2 protein chains.
Amino acid sequence: MSEERMQKALATLKSSGVRITPQRHAVLEYLMHSMNHPTADEIYKALEGKFPNMSVATVYNNLRVFLDIGLVRELTYGDSSSRFDCNTTEHYHVICNSCGKIVDFHYPALDEVEQLAEQVTGFNVSHHRMEVYGTCTDCQENKSH
Amino acid sequence: MSEERMQKALATLKSSGVRITPQRHAVLEYLMHSMNHPTADEIYKALEGKFPNMSVATVYNNLRVFLDIGLVRELTYGDSSSRFDCNTTEHYHVICNSCGKIVDFHYPALDEVEQLAEQVTGFNVSHHRMEVYGTCTDCQENKSH
DNA sequence: TATTACTTAATAATCTTTATAAATAGTGTA
DNA sequence: TACACTATTTATAAAGATTATTAAGTAATA
């Protein structure tokens, strides 16, 4: 399952002429296995045990590499630090207003929006993003107490 | 036209018990008249002439006040600094990948997306946002040279 | 092996935003 | 008007995220 994605990603890296160092492998692996769209700092802290000497810059460097190749996407919300999403299949995000939890949400791509945007603005449209905001089930319960 | 919106905004401020200082007025006015969703720093620099002694903190303070009352919206994209939009009518944004230009884009609200998100995730949905990315007409021309 | 390019680590620097504290100015009231 | 009270501004420091720099290390290649 996720092993397959990992192999595919490694192949993409290799074909792009990017070396697969232990740190790089670890960052990618963590991204692949984490379902919660971590920040750079979260990745850094999570790998501290395995790589006590690793620099924060290394995390940022590698995230940049993955971004450039298209292996991950950067998500910027209001909360000061970027989050990284290695799920490159088309999907949207639902975000909790109170706890910040991010949940993936699949929905048929809104092609007609892109087309209309092209017509109206003259832009050469490449993609779009959408986030739905609300209160997650946990926070709904907490509020009712 | 935009005078009317300004009067309305001032009335909203007054009724919220917020004092209308010269700096505050200037920030609001700049936001109202600018069509390009400025950053806090852009506002600061734009008003430097009129208010040589104004602090950056004042800009941030006032933006916060406007946000709390609902006069403006904060837009967070990848480019490190927040942008502020005083157009509170429902609309989406089209953003240029190369120059960062932001253009307003009207489209019927995607209510069915919100509804489906509620069903699938159990969230109590409040709102959503969407951005379309692409290359603006100016940058398309520049590239072809 | 020698050379080259890539990568890491450590650190400094930058940039955006927030916090703090003192000074200032507006508002209401006696 | 004078006083007290509170909101606001200013100046500055601080925090936090990200990028830049540079030296050292590591892999690839001829």
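Atom set for the values below is all heavy atoms of this structure, side chains included, hydrogens, waters and symmetry mates excluded. Given the structure is predicted, the values throughout are model-derived calculations rather than measurements. Proteins get letters first, then strands, A, B, ... in listed order; numbering begins at 1 in each.
Listed for the B/Arg24 side chain is no donor-acceptor partner under 3.5 Å among the backbone atoms of B/Asn62. Under the 3.5 Å distance criterion, the side-chain polar atoms of B/Glu118 are matched with a main-chain donor or acceptor of B/Val125. At distances below 3.5 Å, not a single donor-acceptor pair connects side-chain atoms of A/Glu131 with backbone N or O atoms of A/Val94. When atom types are taken as modelled, the side chain of B/Thr39 and the backbone of B/Arg83 share no donor-acceptor pair closer than 3.5 angstrom.
No contact: A/Thr39 has no heavy atom under 4.0 Å from any strand.
For the pair B/Asp68 CG and C/dT18 C1', the computed distance is 14 Å after rounding to whole Å. Atom P of nucleotide C/dT17 and atom OH of B/Tyr60 are separated by 3 Å, given to the nearest angstrom. Computed from coordinates, the B/Ile43 CD1 to C/dT16 C1' distance equals 14 Å when rounded to whole Å.
Here the range on DNA chain D touched by chain A, meaning any atom under 4.0 Å from one of its heavy atoms, is D/dA17 to D/dA27.
A salt bridge links B/Lys45 to B/Asp41: at least one charged side-chain nitrogen sits closer than 4.0 Å to a carboxylate oxygen.
Residues B/His25 and B/Tyr30 place their aromatic rings such that the two centres sit no closer than 6.0 Å.
Note on ring orientation: taking the six-membered ring where Trp is involved, the planes of A/His91 and A/His93 are perpendicular (angle over 60°, cut-offs 30° and 60°).
Using a 4.5 Å cut-off between side-chain heavy atoms of Ile, Leu, Val, Met, Phe, Trp and Tyr, with links allowed through other members, A/Leu13 and A/Ile43 fall into the same hydrophobic cluster.
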Next on the checklist: Treating primed atoms plus P, OP1 and OP2 as sugar-phosphate and everything else as base, which nucleotides of nucleotides 6-12 of chain C get B, S or - for protein heavy atoms under 4.0 Å?
Outcome noted: BSBBB--
